[in-house]
Amino acid sequence: MKVSDILRVKGHVLFTIAPEARLLQAVQTMAQHDIGSLVVMAHGKLVGLLTFSEVMAAVAEGEGVLGDHIVAERMDTHYEVCGPETTLDTLRRTMLEAGVRYIPVMQDDALLGVISFHDVAQAVVREQDFENQMLKAYIRDWPEDEGQPETAGAPMPASTPARS
């Protein structure tokens with residue numbers, strides 16, 4: 001399975017915000033759409049990623065008050081990216097090794113979407129469910145005469161009584 005397969009199932013809806021937007025606006029957008037990240041765009045280009053982790057750090061530092069902070073002050077500008085041909089295994093490994101929950105999907109300079117760890121988990125479950133169904137169908141349809149020992153049709157030798 002590839003990243004392009006995950007995006008096809010997930011869809012290509014992206015929630016973006018400008019770097020000069022207020023952090024409060026970002027929080028409101030994330031809460032309204034029940035999402036954990038926003039893509040930060042400037043002049044049509046990806047310039048950062050804002051996740052709930054950066055927002056929570058700002059809330060903690062402000063002792064519960066966001067104040068007048070802007071997205072550019074909190075966004076992550078050092079993020080991992082992947083391409084549509086990246087395999088699910090490579091993506092999982094990258095996310096685990098980098099300790100990230102969200103990875104933008106880029107093709108050349110075009111942003112195609114963002115894959116979350118939740119999207120990856122769903123894809124793994126779907127893939128395993130499909131493999132399990134195929135294996136069960138294969139086992140269920142196994143021909144009855146295959147897999148039997150060659151002596152299956154031969155008569156059993158007569159047993160001899162046990163000696164005392």
Side-chain angles (χ1 to χ4, degrees), residues 1-61 66 69-144 146-147:
M1 180 176 281
K2 296 181 181 177
V3 166
S4 58
D5 299 321
I6 297 172
L7 284 177
R8 192 172 19 262
V9 171
K10 176 184 179 169
H12 293 274
V13 175
L14 276 175
F15 293 96
T16 64
I17 195 157
E20 62 274 2
R22 297 276 177 232
L23 203 51
L24 179 59
Q25 180 186 349
V27 169
Q28 290 168 335
T29 301
M30 293 168 85
Q32 177 184 359
H33 298 286
D34 192 26
I35 55 175
S37 70
L38 287 171
V39 177
V40 185
M41 303 286 285
H43 309 292
K45 300 277 185 199
L46 171 67
V47 295
L49 199 60
L50 182 72
T51 71
F52 63 88
S53 294
E54 289 85 23
V55 171
M56 294 308 292
V59 168
E61 284 177 23
L66 289 174
H69 288 285
I70 61 171
V71 170
E73 296 171 352
R74 290 298 178 168
M75 68 183 188
D76 184 2
T77 57
H78 303 288
Y79 44 83
E80 299 289 329
V81 297
C82 68
E85 296 302 309
T86 303
T87 65
L88 182 60
D89 287 338
T90 300
L91 181 62
R92 284 191 314 194
R93 191 166 286 111
T94 300
M95 292 179 103
L96 288 171
E97 289 172 1
V100 296
R101 294 183 183 107
Y102 303 92
I103 294 187
V105 182
M106 303 290 292
Q107 186 167 34
D108 300 321
D109 286 337
L111 176 64
L112 302 179
V114 174
I115 300 290
S116 70
F117 203 78
H118 183 260
D119 299 329
V120 172
Q122 282 184 324
V124 168
V125 167
R126 278 194 305 273
E127 190 174 53
Q128 288 175 343
D129 286 348
F130 177 75
E131 288 174 0
N132 284 340
Q133 289 172 357
M134 293 297 103
L135 285 171
K136 288 176 182 176
Y138 180 75
I139 291 168
R140 186 175 44 250
D141 295 338
W142 189 285
E144 299 226 3
E146 285 188 32

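Note that the numbering runs from 1 along the sequence shown for the chain.
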Minimal non-hydrogen separation, [X] against [Y], with atom names:
{"X": "L88", "Y": "V120", "answer": "CD1-CG1, 3.8 Å"}
{"X": "A58", "Y": "L23", "answer": "CB-CD2, 3.6 Å"}
{"X": "P84", "Y": "L112", "answer": "CG-CD1, 3.8 Å"}
{"X": "V71", "Y": "A26", "answer": "CG2-CB, 4.1 Å"}
{"X": "L66", "Y": "L24", "answer": "CD1-CA, 3.8 Å"}
{"X": "L91", "Y": "C82", "answer": "CD1-SG, 4.0 Å"}

With rounding to the nearest 0.5 angstrom, report the [atom1] to [atom2] distance, [X] to [Y].
{"X": "F117", "Y": "R92", "atom1": "CZ", "atom2": "CZ", "value": "8.5 Å"}
{"X": "D119", "Y": "I6", "atom1": "CG", "atom2": "CD1", "value": "7.0 Å"}
{"X": "Y79", "Y": "L50", "atom1": "OH", "atom2": "CG", "value": "12.5 Å"}
{"X": "I115", "Y": "Q122", "atom1": "CD1", "atom2": "CD", "value": "10.5 Å"}
{"X": "Q107", "Y": "E85", "atom1": "CD", "atom2": "CD", "value": "7.5 Å"}
{"X": "S37", "Y": "I103", "atom1": "OG", "atom2": "CD1", "value": "11.5 Å"}

Taking the side chain as every heavy atom from C-beta outward, state whether [X] and [Y] have any pair of such atoms under 4.5 Å apart.
{"X": "R126", "Y": "V9", "value": "yes"}
{"X": "R74", "Y": "E61", "value": "yes"}
{"X": "V47", "Y": "T77", "value": "no"}
{"X": "V55", "Y": "M30", "value": "yes"}

Using side-chain hydrogen bond (donor to acceptor under 3.5 Å, both in side chains), reason through T51 and E54 one step at a time and then give a plain yes or no. CA-CA 6 Å; T51 71; E54 289 85 23; 2.4 Å; yes
Within the supplied structure, the quantity of interest is the number of heavy atoms (other residues, nucleotides, ligands) at a distance under 6.0 Å from D89 CG; does it exceed 12? yes
M41 vs L46, side chain to side chain contact (heavy atoms under 4.5 Å, CB included): CA-CA, chis, key distance, verdict: CA-CA 5 Å; M41 303 286 285; L46 171 67; 4.2 Å; yes
Got a sec, which residues hit ring-ring contact (aromatic ring centres under 6.0 Å, His included) with H33, two or more places apart in sequence or on another chain? F15
With sequence neighbours left out, the residues meeting side-chain hydrogen bond (donor to acceptor under 3.5 Å, both in side chains) with T90 are T87
NZ/NE/NH1/NH2 to OD/OE distance under 4.0 Å, K2 and D5: no
Test item: K10 side-chain N/O and V114 main-chain N/O as donor-acceptor pair under 3.5 Å: yes
